[in-house]
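Notes for the one structure printed next.
Lettering follows sequence order; numbering is per chain, from 1.
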There are 2 protein chains.
Amino acid sequence: MLVTETNEALPGGSSLLRNEPVQARSSARLTGLLDAAAAIIDEIGFERLTTAMVAERAGASIGTVYRYFPDRIAVVEALAARCVGRLMERIDGVIVESGSQEWHDAVDFAIDAQVDMYRTEPGFRAIRFGDAEVADSTSGETEGRRPFAEQMSALLAVRYPVERSADLDFALDVAIEMGSAILARAFQASPEGDSRFIEECRSVVTGYLAGA
Amino acid sequence: MLVTETNEALPGGSSLLRNEPVQARSSARLTGLLDAAAAIIDEIGFERLTTAMVAERAGASIGTVYRYFPDRIAVVEALAARCVGRLMERIDGVIVESGSQEWHDAVDFAIDAQVDMYRTEPGFRAIRFGDAEVADSTSGETEGRRPFAEQMSALLAVRYPVERSADLDFALDVAIEMGSAILARAFQASPEGDSRFIEECRSVVTGYLAGA
DNA sequence: GGTGACCGAGCGGAACTCGATCATCGCTGT
DNA sequence: ACAGCGATGATCGAGTTCCGCTCGGTCACC
């Protein structure tokens, strides 16, 4: 496993939180707050989410929200981070389980996992990777996509033909950008994900990474 | 010209506005408000933009802002719409001027125009096409990219080899999605636009549209 | 008893409203 | 022609409401 979680609820490091939860009930609270935020975002969108809504839905008070998160934006950033973490766990899990050494399997699994997340993970759709980018237009996207790009890089590095691996990181950047955009389009077209776009995503990304 | 503007300032239809300006001074006001919004967004980002700032910068009062825009978000949506309108005008202008009948010229011009907009058009960078999508996560992107896709469709339809034109609209959807994402990445990496990503954008989009 | 966790009234500021005021336009009668 | 005059467009800005966030006090766990 490349991804290690010190706590089920907390995303990554993480400097997004004011106070790390130490008692059991409080990490449940954190999880609950993020769940509430995810549900609200799915229903009315990030822009209309208020901290009071999050508190009420999680059965907490406003003060509790601000005990964990420095501000409103940090809530959605933490949610995004949790999403990315879960996505990476999935991809990692599936690929080691399969035992495949083919790089294009890793690509396929990554796309499968994202499709699955779009369908089942609350908030993923609205947040994609970096609609937290919405929040802070400077960092958000980088924060979200960087770790993902690095994980894919690590996964592909050992599987990719050596002669082309010089530009692997750049190619991955481009591929992830393309793939995410097409997938987003697929789920913008329909809630279950337009299969035409999804298939096109597979072929485009695989084709590009294969070197045209 | 495919694009017709009834008024220099107003973007498209447009149902984004509460009141259409009818007198001359008031469309100047509208233009001024959008200019102010663009400048502010460039300086401090969409999130930190306040309606009071827009009003002050445009030399208007808050009430005037709300005479034209239903809410804060609509301001940036209108700005996005104006950006898209200007982009389309440019592409259209350059391509008829060139007289080219090659579809890949249309693609090149479209990419050139976007690069130019990123570099010179206030607010374009922050707004891309659909960081208004940021605003209203449901419609924003659709509102922005739809007219663009349709214009490109119209441009390419007469230039594209007939045998493949059946899926032209779908292919264009995908191509625009890919291209926009890669371009955005180029200008996220550096303010002048990372030329490596820009070149990759050209080759990927042209390659894809050529049918691989 | 000491520290972690939680609450919610309250503060500051930003989004948005509304009725009063001013500018422009089109008409109409001389 | 054009001066006057309603009607409608356009502007203003104090005021209201709502939301993000703080802080001191209370409760729960070790």
Using the side-chain heavy atoms of B/Arg25, tell me which of these nucleotides is nearest: C/dG4, D/dT22, D/dG9. D/dG9
Ranking C/dC6, C/dA14, D/dG9 by distance to the side chain of B/Gln23, first place goes to D/dG9
Taking the side chain as everything from C-beta on, heavy atoms only, tell me whether [X] gets closer than 4.5 Å to [Y].
| X | Y | result |
| --- | --- | --- |
| A/Val65 | A/Leu33 | yes |
| A/Tyr66 | A/Val75 | no |
| A/Val205 | A/Ile182 | no |

In this structure, how many angstroms lie between the [atom2] atom of [N] and the [atom1] atom of [X], rounded?
| X | N | atom1 | atom2 | answer |
| --- | --- | --- | --- | --- |
| B/Ile40 | C/dA15 | CD1 | P | 11 Å |
| B/Leu49 | C/dA15 | CG | C1' | 12 Å |
| A/Glu47 | D/dG20 | CD | P | 11 Å |
| B/Glu56 | C/dA15 | CD | P | 13 Å |
| A/Ile44 | D/dC18 | CD1 | C1' | 14 Å |
| B/Arg48 | D/dC19 | CZ | P | 21 Å |
| B/Phe46 | C/dA14 | CZ | C1' | 14 Å |

With a 4.0 Å heavy-atom cut-off, tell me which residues in residues 61-68 of chain A come close to DNA chain C, sorted by residue number. A/Ser61, A/Gly63, A/Thr64, A/Arg67, A/Tyr68
Classify the nucleic acid contact of [X] as base, sugar-phosphate or nothing, counting any heavy atom under 4.0 Å across all strands shown.
| X | result |
| --- | --- |
| A/Arg29 | sugar-phosphate |
| B/Asp71 | sugar-phosphate |
| B/Ala60 | sugar-phosphate |

A/Arg29 to A/Tyr68 six-membered ring, cation-pi geometry met (6.0 Å, 45°): no
Is NZ or CZ of A/Arg72 both nearer than 6.0 Å to the six-membered ring centre of A/Phe46 and within 45° of the ring axis? yes
Would you find more than 12 non-hydrogen atoms of other residues, nucleotides or ligands less than 6.0 Å from A/Glu56 atom CD? no
Phosphate-side-chain proximity, [X] and [N], N/O vs OP1/OP2 below 4.0 Å:
| X | N | value |
| --- | --- | --- |
| A/Arg18 | C/dA5 | no |
| B/Ser26 | D/dA10 | yes |
| A/Thr50 | D/dC19 | no |

Whichever of A/Pro70 and A/Met53 has the more 5' nearest nucleotide on DNA chain D, that residue is A/Met53
Say whether, by atom type as modelled, one donor and one acceptor occur between the side chain of B/Arg185 and the main chain of B/Phe197 under 3.5 angstrom. no
